[in-house]
Amino acid sequence: LKDTAKNSITTKNRELSDQLVTNALRGRFAREIDKLRLAHVPVELRKKDQKAVSYFQVGLVEKPDEPVGEIFSEGEHRCVALAAFLAELVTARRYSAIVFDDPMSSLDHIHRRAVAARLVEEAAHRQVIVFTHDLMFLFELRREAGAKDCPITYQTVRRRPDRPGYIEGQLPDKAKSSLQLTNALRSELKAAKSNYD
């Protein structure tokens with residue numbers, strides 16, 4: 001009787017999981033793959049049940065037994081992981097802040113632009129924090145934020161002669177326009193001049 005009750009609960013758990021989670025998550029994953037411009041590589045989420053616990057695995061649609069890791073490039077892996085993360089985040093309906101630490105390594109310009117657009121889109125619902133050294137990605141984020149009228153705040157961490165880890169609320173010098181850089185240098189010169197006079 002105890003095993004029968006346990007099997008009934010396990011079966012019901014699988015049914016509820018399929019109805020409430022699996023279809024929504026798989027559908028959202030497919031949309032994220034499309035948004036990140038990976039539709040040329042047909043992939044899907046597959047559910048695997050193991051001892052009443054559901055797991056999801058990325059698999060190729062046309063070759064389900066082929067290991068994905070041997071076919072995708074490093075950049076495609078990164079995009080698929082980001083798509084899975086965003087799909088889970090959206091279906092969970094939680095709106096806490098998210099932080100990305102250099103999400104662009106190994107991505108080409110097409111995926112770079114798609115990821116920038118997707119992060120700006122997500123910023124309409126939550127705070128999105130991106131740490132990056134990649135100026136091209138920074139410019140893509142700025143362009144996408146401007147096009148969507150999404151406010152963006154810059155923080156730059158740099159080294160000063162007196163201390164490392166100095167934080168400024170602006171773009172790094174190498175990301176500024178010529179006019180912005182000239183004005184910043186004039187301000188620094190003016191501030192330093194009084195110390196030397």
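Because the structure is a prediction, the values reported are computed rather than measured.
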Is Leu135 isolated, or which residues cluster with it under the ILVMFWY side-chain rule of less than 4.5 Å, directly or via members?
Met136, Leu138, Phe139, Ile152, Tyr154, Leu171

With a 4.5 Å heavy-atom cut-off, do Val115 and Leu82 have their side chains touching?
yes

Less than 4.5 Å apart, side chain to side chain, heavy atoms only: is that true for Val43 and Ile33?
yes

Residue list, side-chain contact (heavy atoms from CB on, under 4.5 Å) with Ser177, at least two apart or on another chain
Leu179, Gln180

Could you pull out all residues at least two apart from Glu140 that satisfy side-chain hydrogen bond (donor to acceptor under 3.5 Å, both in side chains)?
Arg113, Arg143

ILVMFWY cluster membership beyond Leu189 - transitive side-chain contacts under 4.5 angstrom:
none

Checking Arg126 side chain against Ala97 main chain: does a donor-acceptor pair fall under 3.5 Å?
no

Return the set of residues passing salt bridge (Lys or Arg N to Asp or Glu O under 4.0 Å) with Lys148 (not counting sequence neighbours), or none when no residue passes.
Glu144

Just to verify, what does Arg118 make a side-chain contact (heavy atoms from CB on, under 4.5 Å) with, not counting sequence neighbours?
Arg28, Glu32, Lys35, Leu36, Leu86, Val90, Glu121, Glu122

Between Val120 and Cys150, what is the shortest heavy-atom contact and its length?
CG1-CB, 4.1 Å

Under 4.5 Å between any side-chain heavy atoms of Pro42 and Glu62, yes or no?
yes

Sequence neighbours left out, what pairs pass salt bridge (charged side-chain N to carboxylate O under 4.0 Å, His left out) with at least one residue falling in residues 96-105?
none

Measure the CD1-CG distance between Ile98 and Leu89 for me, rounded to the nearest 0.5 Å.
5.5 Å

Closest non-hydrogen atoms of Pro103 and Phe131, given as atom of the first, atom of the second and distance, are CD-O, 4.1 Å

Sequence neighbours left out, what passes side-chain hydrogen bond (donor to acceptor under 3.5 Å, both in side chains) with Glu74? Give chain and number order.
Ser106

With a 3.5 Å distance limit and no angle check, can you tell me whether His111 reaches the backbone of Cys79 through a side-chain donor-acceptor pair?
no

Can you pull the salt bridge (charged side-chain N to carboxylate O under 4.0 Å, His left out) pairs that have at least one residue in residues 176-191, sequence neighbours excluded?
Asp173-Lys176

Using a 4.5 Å cut-off on heavy atoms from C-beta on, say whether the side chain of Gln155 contacts that of Glu168.
no

Pairs where residues 57-83 contributes a residue and the test ring pair (Phe, Tyr, Trp, His ring centres under 6.0 Å) is met, not counting sequence neighbours:
Phe72-His77

Do Phe85 and Val130 share a hydrophobic cluster, counting only Ile, Leu, Val, Met, Phe, Trp and Tyr and linking them when any side-chain heavy atoms are less than 4.5 Å apart?
yes

Separation between CG (Leu119) and CZ (Phe100), nearest 0.5 Å, reads 5.0 Å

Residues sharing Leu181's hydrophobic cluster, by side-chain heavy-atom contacts under 4.5 Å among ILVMFWY, directly or via others?
Leu185

So Arg112 and Asp134, side chain to side chain contact (heavy atoms under 4.5 Å, CB included) or not? Walk me through it.
CA-CA 10 Å; Arg112 187 181 306 260; Asp134 188 330; 2.2 Å; yes

Report the residues that fulfil side-chain contact (heavy atoms from CB on, under 4.5 Å) with Glu44, sequence neighbours left out, ordered by chain and then residue number.
Arg26, Arg46, Val61

